[in-house]
Trainee: 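One structure follows; several queries about it will come next.
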2 protein chains.
Amino acid sequence: MHVLVVEDDAEVSQFIQKGLTSEGIGVSAAYDGVIGRSMINEHQYDVVVLDVNMPGMNGYDLCRFVKQNWPAIPVIMLTALGSLENKVMGFESGADDYLAKPFAFKELVFRLKALARRHPARAPLPQRLELLDLVVDTSSHQVWRADERVTLTAREYALLEYLLLRQGKVVSRAELLENVWDVHFNTNTNVVDVYVNYLRRKIDRVEPKLIHTIFGVGFILKAEP
Amino acid sequence: MHVLVVEDDAEVSQFIQKGLTSEGIGVSAAYDGVIGRSMINEHQYDVVVLDVNMPGMNGYDLCRFVKQNWPAIPVIMLTALGSLENKVMGFESGADDYLAKPFAFKELVFRLKALARRHPARAPLPQRLELLDLVVDTSSHQVWRADERVTLTAREYALLEYLLLRQGKVVSRAELLENVWDVHFNTNTNVVDVYVNYLRRKIDRVEPKLIHTIFGVGFILKAEP
DNA sequence: TATCTTTCTCAGAGGTTTCTAATAAGTTGG
DNA sequence: CCAACTTATTAGAAACCTCTGAGAAAGATA
């Protein structure tokens, strides 16, 4: 699940980001409404979390925009003002749910998961991904290879999960940058190669090798050579 | 978990009852508001599910009654009318959540569980919590590690008890802040880390270590490394 | 009131992760 | 086989997260 958080207060935004990340939920952030809007146009999020009070474009307007252009994406509104008018405004602008600050963090997580389930923008992740003797538990982020527990960092895990989801298909570096690193423009980085190397060290020391390089194209995860 | 369903339409009520029962949730039913009220007075429910339109005493009034007399019991409102006025009325009368008919049954279950978790009907604590040679007596708040008595402050004890209750599971800082400190939206404190450190000094000087840090996620209490 | 305990913040030390950059190794087409 | 290009590997810088000691503030005790 991947969530966009549109919130101008950097502290609040980071609090939400950290919290969701540690719950295993992917997060992108926009710090004002206009940027939020262009991010929504360019990527597919499962849920959008919107602060009401923002410079540029306020939460209600952005919510209306989402509902007009991407009606399938559910929206949760956040506001510091717990008054009735705000709730009404929130519903009027089409928000699917509403949370008044300060809120219990757990509540945000529950509501996010509930919305994502109700409006399944993408197929839900299987609880368990496998390829031969490589096993990944997507809920706890635990990984085994040949019956041995392997510990991965967050980035390594994200990369492996993505490769597993597209196992048997060639995946380009640009695709990995987009989906694992959230980098959408062409930078001159070899970070993908570095992390593929890390992954190989951790899960591909034994035979048969699962990660294969396709020269000039990208990588592929599969059992046969 | 035990739920009271107040709904005058027998068919709808039975549908809900059957469904919840098969989810392992205990259900009692009242077929009008007045009877519902007396049942609430006489028993302790974890959540009350209220239909808006009922003879005798309508849902809003009953909801107001619950919130005045039993503010700890969460309320979910049901209505056939999905209009804005109804939502506003629902929130005004103090409902914790709101579901418009027709609703997906799963959605009701999900919201029920979310509410029950948010307002935990104190499930009786086991008298004794243990992990290896760590022993906690929950009635006297006494703690032993490796047969040695350890004295903890109130906060240290609360933290340890929570970790023990969730032993084997990763617990995030946000979760600890919410459940041990009752802080729901503090963005910038390291008090959890400080207390984990205190706890480690008092109960984790000996091998094997029981408190483990999961980098970027939180902590876990377990025997293996 | 004086003293001790508990709770919490702050700041800096210490670790881990992430990423860049440089070099080594491998692949391809002529 | 060689030159040009792609990929692999490594080291270390930078960013970020966690731990820890010191002390302020609030509360308890006597």
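To find a chain, count down the sequence lines: A is the first, B the second, and so on, and within it residues start at 1. These numbers were taken from a predicted model, which means no experiment stands behind them.
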Trainee: Under 4.0 Å from OP1 or OP2 of C/dT9: is there any side-chain N or O of B/T189 that close?
Mentor: yes
Trainee: So what does the secondary structure string of DNA chain D come out as, 5' to 3', with Watson-Crick or wobble pairs under 3.5 angstrom, [ ] for crossing and | for pairs with another strand?
Mentor: ||||||||||||||||||||||||||||||
Trainee: Are the side chains of B/L199 and B/D204 in contact, using a 4.5 Å heavy-atom criterion?
Mentor: no
Trainee: Check whether any side-chain heavy atom of A/W70 lies under 4.5 Å from a side-chain heavy atom of A/Q44, and answer yes or no.
Mentor: no
Trainee: When the distance from OH of B/Y157 to C1' of C/dT7 is rounded to whole Å, what number comes out?
Mentor: 19 Å
Trainee: Can you tell me how far P of C/dT18 sits from CG of A/D182, to the nearest Å?
Mentor: 14 Å
Trainee: Heavy atom of residues 213-222 of chain A under 4.0 Å from DNA chain C: which residues?
Mentor: A/F215
Trainee: Using atom CD of A/Q14 as one end and atom P of D/dA15 as the other, report the distance to the nearest whole Å.
Mentor: 14 Å
Trainee: So which of residues 158-174 of chain A are in contact with DNA chain C, with a heavy-atom cut-off of under 4.0 Å?
Mentor: none
Trainee: Compare every heavy atom of A/E7 with every heavy atom of A/L78, then report the nearest pair and how far apart it is.
Mentor: CD1-OE1, 4.5 Å
Trainee: Does the side chain of A/S28 reach to within under 4.5 Å of the side chain of A/H43, using non-hydrogen atoms?
Mentor: no
Trainee: Can you give me the closest heavy-atom contact between A/S139 and A/Q127, atom names plus distance?
Mentor: OG-NE2, 3.1 Å
Trainee: Applying side-chain hydrogen bond (donor to acceptor under 3.5 Å, both in side chains), which residue pairs with at least one partner in residues 162-172 of chain B are found, sequence neighbours left out?
Mentor: B/Y162-B/E175, B/Y162-B/N179, B/R166-B/E175
Trainee: Which parts of residues 192-209 of chain A get close to DNA chain C, meaning a heavy atom less than 4.0 angstrom away?
Mentor: A/V194, A/Y195, A/Y198
Trainee: State, without any angle test, whether A/S38 and A/E42 hold a side-chain donor-acceptor pair at a distance under 3.5 Å.
Mentor: no
Trainee: Could you state the atom-to-atom distance from CZ of A/R155 to C1' of D/dC16 in whole Å?
Mentor: 12 Å
Trainee: Among pairs that include at least one residue of residues 128-157 of chain B, which meet ring pair (Phe, Tyr, Trp, His ring centres under 6.0 Å), considering only residues two or more places apart or in two chains?
Mentor: B/H141-B/Y157
Trainee: Considering non-hydrogen atoms only, spot the tightest contact between A/Y198 and A/E156 and give its length.
Mentor: CB-OE2, 3.7 Å
Trainee: Which heavy-atom pair separates A/V5 from A/S13 by the least distance, and what is that distance?
Mentor: CG1-OG, 4.4 Å
Trainee: How close do A/K67 and A/D96 get, heavy atom to heavy atom, and via which atoms?
Mentor: NZ-OD2, 2.8 Å
Trainee: Please determine whether a side-chain nitrogen or oxygen atom of B/W181 lies at a distance below 4.0 Å from atom OP1 or OP2 of C/dT7.
Mentor: no
Trainee: Does C/dT16 have its OP1 or OP2 closer than 4.0 Å to a side-chain nitrogen or oxygen of A/T153?
Mentor: no
Trainee: Given atom NZ of A/K18 and atom P of D/dT18, what is their separation to the nearest angstrom?
Mentor: 8 Å
Trainee: Answer yes or no: side-chain N or O of A/N190 and base N or O of D/dT6 forming a donor-acceptor pair under 3.5 Å.
Mentor: no
Trainee: Rounded to the nearest 0.5 Å, what separation is found between the CG atom of A/D8 and the CG atom of A/N53?
Mentor: 8.0 Å
Trainee: Which comes earlier along DNA chain C counting from the 5' end, the contact point of A/A154 or that of B/L152, where each point is its nearest nucleotide?
Mentor: B/L152
Trainee: Are B/V48 and B/L62 packed together at the side-chain level, in the sense that at least one heavy-atom pair is separated by less than 4.5 angstrom?
Mentor: no
Trainee: Would you mind reading off the distance between A/E156 atom CD and C/dT16 atom P, rounded to a whole angstrom?
Mentor: 14 Å
Trainee: Does a side-chain N-to-carboxylate-O contact under 4.0 Å join B/R200 and B/D193?
Mentor: no
